[in-house]
Amino acid sequence: MNQHQPTAVFVDATGIGWGVYDRLSQLRCPGLVAVDFGAKSDRVDGTDATAKYANKRAEIWVHARLAEVRRVAK
């Protein structure tokens with residue numbers, strides 16, 4: 001996190017990942033976001049319709065990838 005200075009870091013805060021999230025939180029890492037990657041997706045697309053993803057992990061992956069493609073295209 002210190003080397004790359006990401007805007008946000010999404011950590012699976014369920015099961016084994018909870019310890020990782022807890023430690024990063026103790027270290028006050030900026031942009032830390034707790035996520036249940038197995039949870040239902042809830043993001044909407046540009047028309048306010050619910051976008052369809054298998055789970056939260058797939059939803060975050062797609063939107064992170066799209067953000068990277070936009071960044072590289074600039």
Side-chain angles (χ1 to χ4, degrees):
M1 290 178 71
N2 291 336
Q3 181 181 359
H4 296 289
Q5 301 294 315
T7 303
V9 176
F10 298 91
V11 177
D12 190 356
T14 58
I16 295 171
W18 182 252
V20 174
Y21 176 82
D22 189 44
R23 182 62 182 142
L24 290 174
S25 180
Q26 289 172 353
L27 295 172
R28 298 174 194 227
C29 293
L32 185 61
V33 179
V35 178
D36 177 359
F37 284 117
K40 182 177 128 188
S41 66
D42 58 5
R43 186 172 293 229
V44 296
D45 65 14
T47 64
D48 291 332
T50 302
K52 302 296 181 195
Y53 301 100
N55 55 30
K56 185 58 86 174
R57 177 183 294 118
E59 175 186 354
I60 290 173
W61 190 93
V62 168
H63 288 279
R65 179 69 178 129
L66 291 173
E68 179 64 11
V69 166
R70 283 187 219 109
R71 185 189 68 79
V72 170
K74 285 184 179 183

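In the hydrophobic clustering of ILVMFWY residues, with side-chain heavy atoms under 4.5 Å counting as a link, V33 and V9 come out apart. Under a hydrophobic-cluster definition in which Ile, Leu, Val, Met, Phe, Trp and Tyr are linked whenever side-chain heavy atoms come within less than 4.5 Å, directly or via other members, I60 and V62 are assigned to different clusters. When hydrophobic clusters are built by joining Ile, Leu, Val, Met, Phe, Trp and Tyr residues whose side-chain heavy atoms come closer than 4.5 Å, directly or via intermediates, L66 is grouped together with Y53. Hydrophobic clustering (side-chain heavy atoms under 4.5 Å, transitive across Ile, Leu, Val, Met, Phe, Trp, Tyr) groups V20 together with L32.
Every side-chain hydrogen bond (donor to acceptor under 3.5 Å, both in side chains) that R71 has, sequence neighbours left out, goes to E68.
W18 approaches A13 most closely through the heavy-atom pair CE3-O, 2.8 Å. The two residues D36 and D12 come nearest to each other via the heavy atoms CA-OD1, 4.0 Å. Residues K56 and K40 approach most closely at CE-O, 4.0 Å, considering heavy atoms.
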Q: Check step by step if side chain to side chain contact (heavy atoms under 4.5 Å, CB included) holds for N55 and F37.
A: CA-CA 7 Å; N55 55 30; F37 284 117; over 6 Å; no

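Counted within 6.0 Å of CG on L27, heavy atoms from surrounding residues, nucleotides or ligands total more than 12; the atom is thus considered enclosed.
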